[in-house]
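I have placed the structure first, in the form of structure tokens, so that the comments after it can refer back to it.
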Amino acid sequence: MTSHNEHHRPAQTAPQAAAAVTLLEEVRDGLDDVALPLALPRAEQARRETSAARAQLDDYVLPRYRSLDAPLLAVVGGSTGAGKSTLVNGLVGHPVTRAGAIRPTTRQPILLHNPAEAGWFEGQRVLPGLSRIRGTLAASPVPTVRTGAANTAIDSLVLLADPAVPAGIALLDAPDVDSISDQNRLLAGQLLAAADLWVFVTTANRYADAVPWKLLLDAASRDITVAVVLDRVPQGAEAEVSQDLRGLLDREGLPASRLFVIQETVLDQGGMLPAGTVDELRGWLSSLAADAAGRADVARRTLNGAVRALAQRITDIADAVREQERAAVRLEADAVAAYGDAATRILDATRDGALLRGEVLARWQDFVGTGEFFRTLEQNVGRFRDRLGAFFRGEPAPAVRVEAAIETGLQAVIVDEAANAADDTDRRWRSDPAGRQLLGLDDLSGTTPDFADRAAAEIRAWQEALMELIRTEGQGKRTQARWLSFGINGLGASLMIVVFSMTAGLTGLEIGVAGGTAVVGQRLLEAVFGEDAVRRMADKAREDLAARCQQLLEDEQQKFLQRLPDENSELAQRLAAQAGELARLAEKA
């Protein structure tokens, strides 16, 4: 609790107040960026904290900082049937609020103020989310509403100017904190959070109830000035009950709260308390209203506590944002790892000779032949360059069949591995509550409908780029004459075979048919371009293929990644920094 000496700190200067408002507005803007969409254990609580922080900034902290000299707002709250409305009627000396046996009784909050201070409350300065209805005093137990009489929704505030309310303070009759109506309970909490001062009403048989004490503990944590009214105390029980309640208040951090006791009594025909019943409470409120320094102390103390609590709340929200970021990073990493592993497996398949079997091998052997060609190569490698040209000027099976077989085989590998990556990512995400929420009932396993076509198109684009590589490499006149005599498709098919065999070390695996046929392509290319040029072209073609496969998989993994929330990596850091500034502001206040 704040000490007596602390209550008499000098008021903030205008520049200090302006700087505080700027900071608080920045905090408020930052809270609008907090989404917390992922299903994490603390996310729901953090969303509630975010909503509560926004509401308190809008309803109380910012309005109070912008108008430090505004009247105190004393909110009268408490449990169902505690006698709040009757108490308010007693304080002003005539009926102004509902009171009766029907629950909930306080359906629409009524703000009573001195007529000279109407300007403080007619605008949206405090509680801007509630519309205003101007009421007028009448002889009935409920004020006459001048406009919007049919509007009984709890999103509005009835303003009632009453000369019985002293200047410097306003009374707000709030709904029950434990109302059977969810809306009433929420509104009661909102109104209490917007108070400079709480007048908390409870009864002799309900003062230990859990719901009121949850709010009182919140008040203690925020150092709010609280007056507790113990209502309907039976004759002879005043000392015992008030002593017990006083002990509870002291133990729970509210030792400075004022305690007012109202004995059980009979209301008159107008539903009013007997004269003099609330004189002590009325006198305390009147003396506070008349004491400018005392009012400033109450406002500063409550504001200070609210800002300090807000600093902790923003710290907790920043932690929740970080948790969201970490969860999103984890889910993204799972997807990237699954598709990265798929890319590695695809590249492994292009290096281990797997693609030189089956249909590709058959088409390549059709193209180069297997009998006389190998015997010629074996008998006289030295005359290979001279005889190779004549060999290929015949009418072999079209080289394009080799290209088509490579396209089909490579496409099958890419599609299969992309499907494996999707299955892996789907499994990883569904094992995580946040990922499971993002996927919902959608099945993202397997590949997207057009992936096979996109893979085939990318392979053809790679083959075309490989042909262009051969043309570029063979620009010299002598080289050009050689590759023109062999045909661009034949050389292209040969280079594809080399790409799929060179890094597998197939020159040491020539006992296999695939290895032997691969050497044919390599020798042919070396005869035309030279050994260094062939290795350079193969490396470049392999890098191009790897990049294209990587891009295909990165595009495919977007079906997962696009479900992740937009990254806002600076938000948590900014909120944490603002929380620190708020804590320092509370210390200075």
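Keep in mind the model is a prediction, meaning the values are calculated, not measured. Below, each value reflects all heavy atoms present in this structure, side chains not excepted, and no hydrogens, waters or symmetry copies. Residue numbers start at 1 and run along the sequence shown.
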Could you tell me which non-hydrogen atom of [X] sits nearest to which non-hydrogen atom of [Y], and how far apart they are?
X	Y	value
Arg574	Gly30	NH2-CA, 4.1 Å
Asp58	Arg28	OD1-NE, 2.9 Å
Thr447	Val415	CG2-O, 3.7 Å
Tyr60	Ala306	CE2-CB, 4.1 Å
Gln411	Ala455	CG-CB, 4.4 Å

Should [X] and [Y] count as side-chain neighbours, where that means a heavy-atom distance under 4.5 Å?
X	Y	value
Asp539	Arg536	no
Arg563	Asp442	yes
Glu323	Leu36	no

Q) Could you give all pairs that pass the side chain to side chain donor-acceptor pair (under 3.5 Å) test and reach residues 309-318, with sequence neighbours left out? A) Glu49-Arg313, Gln312-Asp316
Q) For Leu438 and Phe560, what are the C-alpha separation, side-chain angles and deciding distance, and is it a side-chain contact (heavy atoms from CB on, under 4.5 Å)? A) CA-CA 9 Å; Leu438 290 176; Phe560 289 98; over 6 Å; no
Under 3.5 Å, side chain of [X] to main-chain N/O of [Y], donor-acceptor pair present?
X	Y	result
Gln56	Leu310	no
Arg64	Ser67	yes
Trp429	Leu331	yes
Gln437	Leu40	no

(Q) What verdict does the side-chain contact (heavy atoms from CB on, under 4.5 Å) test give for Leu187 and Leu130, after you've listed the backbone C-alpha separation in whole Å, the side-chain angles of each residue and the deciding distance to 0.1 Å? (A) CA-CA 10 Å; Leu187 181 58; Leu130 298 177; 4.1 Å; yes
(Q) Could you measure the distance from the CG atom of Leu62 to the CZ atom of Arg54? Nearest 0.5 Å is fine. (A) 13.5 Å
Using atom types as modelled, flag every donor-acceptor pair under 3.5 Å from a side chain in residues 336-345 to any protein atom, sequence neighbours excluded.
residue : atom : partner : partner atom : Å
Thr344  : OG1  : Gly340  : O            : 3.1
Arg345  : NE   : Glu417  : OE1          : 2.5
Arg345  : NH2  : Glu417  : OE1          : 3.1

Q) Given the rule in the side-chain contact (heavy atoms from CB on, under 4.5 Å) test, do Glu25 and Val21 qualify, once you have shown the distances and angles that lead to the verdict? A) CA-CA 6 Å; Glu25 287 175 340; Val21 169; 3.6 Å; yes
(Q) Looking at Arg428 and Asp432, is there a salt bridge between them, counting it only when a charged N and a carboxylate O are closer than 4.0 Å? (A) no
Q.
side-chain contact (heavy atoms from CB on, under 4.5 Å), that's the test. Do Val307 and Val61 meet it? Break it down for me.
A. CA-CA 7 Å; Val307 171; Val61 178; 4.0 Å; yes
Q | Passing option when Gln45 is tested against Arg47, Arg42, Arg48 for side-chain hydrogen bond (donor to acceptor under 3.5 Å, both in side chains) | A | Arg48
Q: Verify side-chain hydrogen bond (donor to acceptor under 3.5 Å, both in side chains) between Glu554 and Gln550, making sure each step is shown before the conclusion.
A: CA-CA 6 Å; Glu554 286 180 3; Gln550 184 68 38; 3.2 Å; yes
Q | Identified side chain to side chain contact (heavy atoms under 4.5 Å, CB included) partner of Ile314 from the options Leu582, Val34, Thr50 | A | Leu582
